[in-house]
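Since the structure is predicted, the reported quantities are computational estimates derived from the model, not experimental observations. Within every chain, numbering begins at 1; the chains are lettered A, B, ... in the order of the sequence lines, protein sequences first and strands thereafter.
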Amino acid sequence: MEAKEIIARRVAQEIKPDTLVNLGIGLPSMVANYLPKEVHVFFQAENGVIGLGARPPEGMEDPDLTDAGGGFVTAVPGAASIDSAMSFGLIRGGHLDMTVLGGLQVDERGYLANWMVPGKMVPGMGGAMDLVAGAKQVIVAMVHTAKGKPKILHECSLPLTAQRRVSLVVTEMAVIEPTADGLVLKEAGPDTTVDEILSATEANLIVRGDVPKMRI
Amino acid sequence: MEAKEIIARRVAQEIKPDTLVNLGIGLPSMVANYLPKEVHVFFQAENGVIGLGARPPEGMEDPDLTDAGGGFVTAVPGAASIDSAMSFGLIRGGHLDMTVLGGLQVDERGYLANWMVPGKMVPGMGGAMDLVAGAKQVIVAMVHTAKGKPKILHECSLPLTAQRRVSLVVTEMAVIEPTADGLVLKEAGPDTTVDEILSATEANLIVRGDVPKMRI
Amino acid sequence: MKQSMTAGDAAELIPDGATLLIGGFMGVGSPHRLIDAIVERGAKNLTLVANDTAMPGKGIGKLVTAGCLSRVIASHIGLNPETQQKMISGEIDVDLVPQGTLVERIRAAGVGLGGILTPTGLGTLVENGKQIVTVNDQRFLLEEPIHGDFALIAAHQADYVGNLEYSLTAHNFNPIMALAGKTVIAEPQSIVPVGVISPDSVKTPGILVDHLLERQPDGS
Amino acid sequence: MKQSMTAGDAAELIPDGATLLIGGFMGVGSPHRLIDAIVERGAKNLTLVANDTAMPGKGIGKLVTAGCLSRVIASHIGLNPETQQKMISGEIDVDLVPQGTLVERIRAAGVGLGGILTPTGLGTLVENGKQIVTVNDQRFLLEEPIHGDFALIAAHQADYVGNLEYSLTAHNFNPIMALAGKTVIAEPQSIVPVGVISPDSVKTPGILVDHLLERQPDGS
C-alpha cells in the first residue's frame, strides 16, 4: 500500500460521527475517501461551505462551488453556505471538531511547522494558523521523512504555525501522540518495526510496552 | 401647533434623500410622518430591519416585524433583514447617515445625556450610546424645557450618553447647532422670540445677526 | 440528524445557576415555549444575558416575574418595571451594557476573540473599571467576551440537521447567540426535511445547534 | 434606486495608488469584469487586500501580471508564482496575514471596532511588532483594522436598490468587504426588480453599495 493511502486510511479512523471536520488540500483531502459509509460527518472547507461533497458529475460543475484548493465539489443535503468571517469564526471559536493538515516538521513539544521555508517557499499561511490555533483536534497527516531526513524533530527549525500542541501525528510509519511528557509512540505502520521508526525520527519517542500495528 | 409637531416637522427637513436614518422611539418616530413624499430614505430600526414602513393594516400584523419599541410595522420594497451584530455594525461603522434621538440634557460642549436619571430612572441605554457614538449625524429632538426648567445647560448634570458633539438640537423653540465655539442659535420657533429662547436656556447661546424663524 | 425534544425535556437540561443567552427583542423572536417550560420547572438563580427583559407577562418578562433570575446582563430594562423593582430591592443584579457592545461581546465569545475594542461608552459611566487600549492614537474600550452555558434561540424554520432560518426583526440576537452557548437549544416555528432550506438561506449552520424543540404539539 | 454603470466607467473611478478590497477565493467569487477593466485602464501602484492572488491569468492574478499592484495584503500567494517572483524582486510588497485574522480585520474596519484580539499567530512570526493584550490572564494579539478606498464585490444577484445575494462558496470575503470600502462597487451576475429578493435573503443591504455594474452586456 502506498504511504499516502496508509496515512489517509488511518486518519479516517479518528473521525467520529456527527462532527465537523476540515481537511487540508493535498494528502489530507484523501481521508474523505476512506470514511466508513455509516459515519456521517460534515466536511468544512474554509472558503465557505459546511457539507462539502464529492466531485460533481462531468458538465454539472458550478463555478461558485469549490473547495479551498479551487477544485469543483458538491454540497451534500443539509449543507450551509457561510462567508469567511463565519467560516473562521467557527474555526477560531472552537466549533470545528477536527482539522487534518499536512506538515513540514513536528517537534517534541507537539508544535507544528507547515507554512513556510524561509528563503525558499513563502506561499502564505492561508487558514493554517487559525485552524491549528482553533480546532478542537489537530491531526497532522504527513509522510514520516523528507528525502530520507526526519521531519519529527527535537525542535522545529522552520517557523511555527502555532504555539499549540497538536493532537496526533499520523505517518505511514507511526501514530504518535504529543503529550505533556513528550511524543508517545502509539502504533507502528503495517510494515514497520519500532526500531525503524526510531531511526527515522530525530525526536525522542516514548515507547510504552508493545507497540501495536495500525489496523487499516 | 403642538410642540412635538413643530419639532418633528423641523427635523424632517434635515433628512436628505437616499440616506439611512434611525428614528428613536417616541417623539423622534413622528418625524417619518412629515417627510416630503419625494424624499426617499431607508429607515432603520436597531432591532433589525432596513426599510421600516408604516403600521400594517388591521389583521395583517406580523409578530416577527416590529420597531425598536415593539410596535407593529411593515417593510418597504427593497427592505433587508439584519441581525443585531449587523445592525450595530452599520451604526458603529459609520454607515448610518442620521439618528434622531430624544434628550434629557444637552450642554455647551454639544454633549447629550439621555439614558438615565441616577436614583430615579435606570432603563438602560439600549442602543443610544452606539447611535450617538457612531452615526454620521446625531440630531436631538426634544422639548426645550422640562417642567419649566432648562434642558440646555452649561454642563450636563446627568450621565453622558457619549463624549461626542451632536450635530443639531431641535426644540419647539429653537434650532441650535453645537460647534467648537459653543452652541449657535440657528433658528427660532414659529411663535418664539430670541429673548424667550435665551431665558429658557441655561447654556450660553451664540447669536449671530438676525435669527430666522423655522419654516414649517 | 437531530432528535427533537419537548420544551419540558429541554428545561430539564438547564440546571439552576446556569448562564443563559436568550434571543429576542422586546419579546419578538424569543423562544417562548422554552421560557414557559423554564418557569414551569421553577428554575432558580439563573444569569440572563439578553437585549432586554421584555414586559411583565411577555417572553423573558415571565422569568423575571417567576423569580428565576439572580443576575441580568442587558441593554434595556425600561419597559419592565418588575426588573427595575427587583434591581432596586437587590433581588436581581443588573449589568447594563450598550446594545451594540452586548451583541459584539457575545459574538467575540462565539468566534474565539479575546474581547472587542469599541468607541461606544468612552467618556461615560460604561468606561468605569475597564481597560482602555490605544490603537493609532485612538482610544477604545476593551469589553470582554460573554459566554453562555446555554443559548436559547428562536428561529423561523429549521431542517432536520438543525440549520436555521430567521424572519425579519425576529433575527435580532438569535444568530449571534447561537455561536456562543456551550449548549444551543433552538425553538423553530416549523421543521422541514433536509434539502428544503437552500444552503444560501441558512443563517445558523446546524452544526452549532445541539437540540431542536419539537414543533408546537397542536400543530399551530 | 441605483444607476448601473459599465465596468469601464467603474474602473475610471479608481485612481492609481488606491487601496482595493477585492472579494474572491482562488478566483471564485471575484468581480471578474471589474478586474479586467482595471487592467484595461492600466491602473498602477494599487494596494490589494484579498484572500489570495489566484493563479496567473485568472481573476486577481491578472492584476499581478499587468503590474497594477505595488502592495499585497493576503493570506496566500502560493498558487501564483508571479506574485512570489515579484515579491522576491521587490516589485510588490507582500504582507501575509492569517486568513481568519484578515477577514476579521476587514470586518473590524467595517463595523467601527478598533481592531481585533485574536489568539491566532501568537508565538509565531505573525506576532512580530504587534501589541499583545491580556484579558483574564489570556494573551491575545491586537491586529488592526484594514480599511479600503474601494471594495470590489462579486455577487450572485442584486436588486435595483443594491441589495445583494451570494451563492455557495462565492460568498467568501465579499459580504465582509462590502462593509469596509469607502466606495463599494458590486458586480452581480444578475439584477432583478425591487421586491424579487426577500428581505430575509439579503446578505448585503443596498445602503452599503455605491455602484452596481450593469448586467453582462451580452446577456450571458
Do the side chain of D:Asp159 and the main chain of D:Val161 share a donor and acceptor less than 3.5 angstrom apart?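 Yes, the answer is positive, given that a donor and an acceptor are paired below the 3.5 Å cut-off.
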Please determine if [X] and [Y] form a salt bridge, counting it only when a charged side-chain N lies under 4.0 Å from a carboxylate O.
X        : Y        : result
A:Arg9   : A:Glu5   : yes
D:Asp95  : D:Arg71  : yes
D:Lys130 : D:Glu143 : yes
A:Lys16  : A:Asp97  : no
A:Arg10  : A:Glu172 : no

Using a 4.5 angstrom heavy-atom cutoff, name the option from [options] with the most pairs to chain D.
options                             : answer
A:Thr66, A:Asp62, A:Asp67, A:Val49  : A:Thr66
A:Met121, A:Gln163, A:Arg92         : A:Arg92
A:Gly70, A:Ala45, A:Ala85           : A:Ala85
A:Ala68, A:Ala80, A:Gly134          : A:Ala68
A:Ala133, A:Ser84, A:Ser81, A:Gly48 : A:Ser84

Pick one of side chain, backbone, both or neither for [X], based on which atoms fall under 4.5 Å of a heavy atom in chain A.
X        : value
D:Thr101 : both
D:Val97  : backbone
D:Ile176 : side chain
D:Phe173 : both
D:Pro175 : side chain

Just to verify, which of D:Thr19, D:Asp210, D:Asp149 counts as forming a side chain to side chain donor-acceptor pair (under 3.5 Å) with D:Lys182?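 Among D:Thr19, D:Asp210, D:Asp149, the one that satisfies the side chain to side chain donor-acceptor pair (under 3.5 Å) with D:Lys182 is D:Asp149.
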Taking [options] one by one, which has the highest count of heavy-atom pairs under 4.5 Å against chain A?
options                     : answer
D:Ser75, D:Gly27, D:Ala154  : D:Ser75
D:Gly123, D:Gly100, D:Gly29 : D:Gly100
D:Asn80, D:Asn172, D:Thr169 : D:Thr169
D:Leu79, D:Ile77, D:Ile88   : D:Ile77
D:His156, D:Met26, D:Glu104 : D:Glu104

More than 12 non-hydrogen atoms from neighbouring residues, nucleotides or ligands closer than 6.0 Å to CD on A:Glu58, yes or no?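 Counting neighbours around CD of A:Glu58, 12 or fewer heavy atoms of other residues, nucleotides or ligands fall under 6.0 Å, so no.
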If you count heavy atoms of other groups shown closer than 6.0 angstrom to CD of D:Glu127, is the number above 12?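 Correct, the count exceeds 12.
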For a quick check under 3.5 Å, do A:Asp64 and D:Gln189 share a side-chain donor-acceptor pair by atom type?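 D:Gln189 and A:Asp64 do have a side-chain donor-acceptor pair below 3.5 Å.
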Hey, are A:Glu46 and A:Asn22 close enough side-chain-wise for a donor-acceptor pair under 3.5 Å?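 A pair is found: one side chain offers a donor N or O, the other an acceptor, under 3.5 Å apart.
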Heavy-atom distance under 4.5 Å to chain D: side chain of [X], backbone, both or neither?
X        : value
A:Ile82  : backbone
A:Ser87  : neither
A:Met116 : side chain
A:Leu65  : both

Passing option when A:Met125 is tested against D:Leu96, D:Leu125, D:Thr120 for side-chain contact (heavy atoms from CB on, under 4.5 Å):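 Passing option: D:Leu96.
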